[in-house]
Amino acid sequence: MRRPGSGGGATCAATLIDHDRAQVSRQYRDPAPAIRPIRDPMRPTRYLPPARCIQAEGSPAGPPSSERKRTQDEMRKSFNRPSGARLVGLTGLMCLALNGCSSAGQSVGEAVQTPQATPALPTAAELHLPVETYLFSDADSVKLARAGAVLRRKCLQRFGLDQATPPAGQSTGPRTFMERRYGVTDLAEVTANGYHLGDRDPRTHPVVKPTFSAEQQKALTGQTGPGDTELRVNGVPVPPGGCYDEAKKELAGTEKLGSSEVAQQADFQTFKASLSAPQVKRAFDAWSSCMKGKGYSYPNPLDAISDRRFQGDSPTQPERDVATADVVCKQQVNLVHTWFAAETTLQNELIARQQADFTAALKAKTEQLAKAEVVLRDQ
């Protein structure tokens, strides 16, 4: 996704960040059809902070319709899962968000009181949502990607092939899981870059995709080409799914590689629910009133960061001015603390309701990272 906060301000152009940039084709190369690139199944991914992918009702700008529909479809699927697999029923989750009910007998609205004194905006490093424990961090995902590359290279060597390891590229996008979850919060940064990410803007660091020979493609994917009758490369049988699946199974077994579905769904569900929490809606109204006092009309911060005027390759002065007012107003009305506290409550409730699922997710995460450590140590 061309990511709001990562490149052109606000457009949510992708849902996943890929850490291993290698791409290969599922279609064997031949002169007629164009190669159809696939997403490397060994590229561990994480969901972006949902603030950049889910907009408040009535937003005038946002993701392309096809991507917006995909996000909405993912939401519908997550709420329609069988009871043994879904995180929490829609009724229960929206009870938390809309009515503020709490299993402890205390409403979310009562539990999150806005303090009289307005504290400074917290830095990204100061905020940690409960679901982060169950998600793979960027560093974790990079570790899995490196281990996967080692395993693929070993697999290719059985076929007398090799795969060069591309040099590490410039790190792009938000530095942490929380950095842009609630939009911009760093006054110095927005003064310089508006809603863009400065030297971490992905569009200033284009990805150079590696090329693969026909033999490498076949060994990596396990896909046959035109006229092939069996999966062999240089006389050696290719395992089902190729070297990609072989490496994935060595790290994750039959589980999903990287962050579990239950954790990813929690990430999106609680963010979406938090938008309707009464105290967050009140904070949005206060923020909007503050922005109007500075000459800007936005109902909430998601609409500001999604302003179509701020989608260019580089920030403009009007964008810097709006982003600066955005941060000042967030601090003035204590928006980030309020939003974070509301979502923390939602996540704690959700995790408690689905503790067995989250325990399994943490176990899978721990095991995958341990296996990756061994692979990297023994390479």
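Side-chain atoms are counted along with the backbone in the values below, which use heavy atoms only and exclude waters and symmetry mates.
A side-chain donor-acceptor contact under 3.5 Å links Thr345 to the backbone of Ala341. Panel note: side chain Lys294, backbone Asp321; no donor-acceptor pair is recorded below 3.5 Å. Side chain of Lys365 to backbone of Thr133: a donor-acceptor contact under 3.5 angstrom is found. Formation of a donor-acceptor pair under 3.5 Å by the Gln368 side chain with backbone atoms of Lys256 is found in this model. Side chain of Glu179 to backbone of Arg175: a donor-acceptor contact under 3.5 angstrom is found.
Using a cut-off of 4.0 Å between Lys/Arg side-chain N and Asp/Glu carboxylate O, Glu189 and Arg180 are scored as salt-bridged. Under 4.0 Å is where a charged nitrogen must lie from a carboxylate oxygen, and between Glu246 and Arg158 at least one such pair does. Under the 4.0 Å criterion applied to side-chain N and carboxylate O atoms, Glu367 and Lys363 are assigned as salt-bridge partners. A salt bridge does not link Lys249 with Asp245: every distance from a Lys NZ or Arg NE/NH1/NH2 to an Asp or Glu carboxylate oxygen is 4.0 Å or more.
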Let me see the working for Met178 and Glu126 under side-chain contact (heavy atoms from CB on, under 4.5 Å), right down to the final yes or no.
CA-CA 9 Å; Met178 292 296 297; Glu126 295 172 336; over 6 Å; no
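Leu376 and Phe136 fall within a single hydrophobic cluster, where Ile, Leu, Val, Met, Phe, Trp and Tyr side chains are chained together by heavy-atom contacts under 4.5 Å. Residues Leu144 and Val374 do not share a hydrophobic cluster, clusters being chains of Ile/Leu/Val/Met/Phe/Trp/Tyr side chains in contact below 4.5 Å.
The NZ atom of Lys272 lies 12.5 Å from the CG atom of Leu346; values are rounded to the nearest 0.5 Å. Separation of atoms CE (Met291) and CG (Asp303) is listed at 10.5 Å; rounding is to 0.5 Å. Here Phe284 contributes atom CZ and Thr338 contributes atom OG1; the two are 10.5 Å apart, rounded to the nearest 0.5 Å.
Proximity of Asn300 to Leu275: side-chain heavy atoms (C-beta onward) are nowhere separated by under 4.5 Å. Proximity of Asp186 to Val190: side-chain heavy atoms (C-beta onward) are nowhere separated by under 4.5 Å. The side-chain heavy atoms of Glu343 and Val280, taken from C-beta on, include no pair separated by under 4.5 Å. Under the 4.5 Å side-chain criterion, counting only non-hydrogen atoms from C-beta, Val322 is not in contact with Asp307. Counting heavy atoms from C-beta on, the side chains of Cys243 and Phe159 come closer than 4.5 Å. Contact of the Phe340 side chain with the Leu129 side chain is registered, since non-hydrogen atoms from C-beta on lie closer than 4.5 Å. The closest side-chain heavy-atom distance from Leu161 to Val233 is below 4.5 Å. Side-chain contact between Arg320 and Thr191 is absent, with no heavy-atom pair separated by less than 4.5 Å.
Between the side chains of Ser259 and Gln264, not a single donor N or O lies within less than 3.5 Å of an accepting N or O. With no hydrogens or angles considered, no side-chain donor-acceptor pair links His196 and Asn193 at under 3.5 Å. Judged purely by distance below 3.5 Å, without hydrogens or angles, the side chains of Ser137 and Asp140 pair a donor atom with an acceptor atom. Side-chain contact check for Asp326 and Tyr195: at least one donor-acceptor pair (N or O, by modelled atom type) lies under 3.5 Å.
A tilted orientation is assigned to the rings of Trp287 and Tyr298, their planes being inclined by 30° to 60°.
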